[in-house]
Participant: 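First the structure, which I've put down as structure tokens, then a few questions once you've had a look.
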Amino acid sequence: MKIYNKEKTIILNNPDLEKGYLAKDTIVVQTVPAQDEVQEKFHYITIKEYANGGKDVEKVIDTKHKPAIEEHDEIEEIQVYIPYTVDEYLEKQKERLREWRSQYLEIIDCAVWYDCLTHEDKEIVKQFRLALLDITKTMVKPAVPNCVLARL
């Protein structure tokens with residue numbers, strides 16, 4: 001299925017789905033003009049004549065019958081690439097960061113694991129947790145401490 005830009009003027013090959021999305025749509029391929037009905041026209045040719053006056057004939061069609069056609073558009077199913085607005089893009093980024101954050105909060109919020117850490121590692125985890133909570137404000141993934149990576 002072809003993918004067009006929002007205005008349906010350019011075919012796109014690899015749109016960036018991080019920065020937009022695809023929507024189903026249609027495009028007019030051509031407009032077929034109206035046509036009047038055409039009646040069948042034919043004549044007969046004699047194949048063989050008999051002495052008693054009979055004959056074999058064959059019908060020869062000169063013009064085939066064509067039904068009337070109303071003017072109509074031929075359409076093609078397409079997809080249109082719609083870029084995210086700045087706000088939509090920002091919200092998508094925040095959602096990805098929230099998902100990333102949740103996997104680490106699940107680990108560091110485990111009390112039994114946290115209690116087993118050294119005082120120094122507890123402080124590192126505390127700072128990491130604060131950075132995770134601010135991730136949608138800073139829009140930056142903090143570095144994951146080694147003690148957390150070891151828990152993965």
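FYI, side chains are in, hydrogens and waters are out, and symmetry mates aren't considered; it's all heavy atoms of this structure.
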Participant: Can you find a pair of side-chain heavy atoms, one from Tyr114 and one from Val125, that are under 4.5 Å apart?
Facilitator: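 They are in contact (side-chain heavy atoms under 4.5 Å apart), so the answer is yes.
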
Participant: Given the rule in the side chain to side chain donor-acceptor pair (under 3.5 Å) test, do Gln103 and Glu99 qualify, once you have shown the distances and angles that lead to the verdict?
Facilitator: CA-CA 7 Å; Gln103 76 180 18; Glu99 289 172 14; over 6 Å; no

Participant: Please report the interatomic distance CD1(Ile124) to NE2(His119), rounded to the nearest 0.5 Å.
Facilitator: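 These two atoms lie 10.5 Å from each other.
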
Participant: Looking at Asp36, I'd like to know if its CG atom is crowded, meaning that more than 12 non-hydrogen atoms belonging to other residues, nucleotides or ligands lie closer than 6.0 Å.
Facilitator: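 Counting other residues, nucleotides and ligands, CG of Asp36 stays at 12 neighbours or fewer.
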
Participant: Can you measure from CG (Asp73) to OG1 (Thr26) and round to the nearest 0.5 angstrom?
Facilitator: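 It comes to 9.5 Å.
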
Participant: Can you list the steps and then say if Val32 with Glu71 is a side-chain contact (heavy atoms from CB on, under 4.5 Å)?
Facilitator: CA-CA 6 Å; Val32 178; Glu71 181 177 301; over 6 Å; no

Participant: I'd like to know if Glu91 and Arg96 make a salt bridge, using a cut-off of under 4.0 Å between side-chain N and carboxylate O.
Facilitator: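 No, no charged N to carboxylate O under 4.0 Å.
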
Participant: What distance do Met139 atom CE and Gln93 atom CD have between them, rounded to the nearest 0.5 Å?
Facilitator: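 Spacing of CE (Met139) from CD (Gln93) equals 5.5 Å.
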
Participant: May I ask you to check whether over 12 heavy atoms, not counting those of Gln30, lie within 6.0 Å of atom CD?
Facilitator: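 Counting neighbours around CD of Gln30, more than 12 heavy atoms of other residues, nucleotides or ligands fall under 6.0 Å, so yes.
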
Participant: Between Tyr104 and Phe128, does the ring centre distance come in under 6.0 Å?
Facilitator: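 They qualify: ring centres under 6.0 Å apart.
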
Participant: Salt bridge or not for Glu58 and Lys48, using N-O below 4.0 Å?
Facilitator: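 A salt bridge is absent here (no side-chain N lies under 4.0 Å from a carboxylate O).
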
Participant: Assess the residue pair Tyr81 and Asp16 against the criterion (side chain to side chain donor-acceptor pair (under 3.5 Å)); give the C-alpha distance rounded to whole Å, side-chain angles, the decisive distance to 0.1 Å, and a yes or no.
Facilitator: CA-CA 9 Å; Tyr81 175 70; Asp16 187 349; 5.6 Å; no

Participant: Measuring from Cys147:SG to Glu120:CD, what's the distance to the nearest 0.5 Å?
Facilitator: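 Cys147 SG to Glu120 CD: 9.5 Å, rounded to 0.5 Å.
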
Participant: Quick one: do Glu40 and Lys59 satisfy salt bridge (charged side-chain N to carboxylate O under 4.0 Å, His left out)? Show the steps, please.
Facilitator: CA-CA 12 Å; Glu40 180 179 78; Lys59 180 179 179 180; 3.4 Å; yes

Participant: Would you name the heavy atoms of Leu97 and Lys141 that are closest together and state the gap between them?
Facilitator: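 Nearest heavy atoms, Leu97 then Lys141: CD2-CG, 3.6 Å.
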
Participant: Looking at side-chain heavy atoms only, is the closest gap between Lys8 and Asp25 below 4.5 Å?
Facilitator: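 Yes, their side chains come closer than 4.5 Å.
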
Participant: Below 4.0 angstrom, N of the basic side chain to O of the carboxylate: do Asp109 and Arg129 qualify?
Facilitator: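 Yes, this pair counts.
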
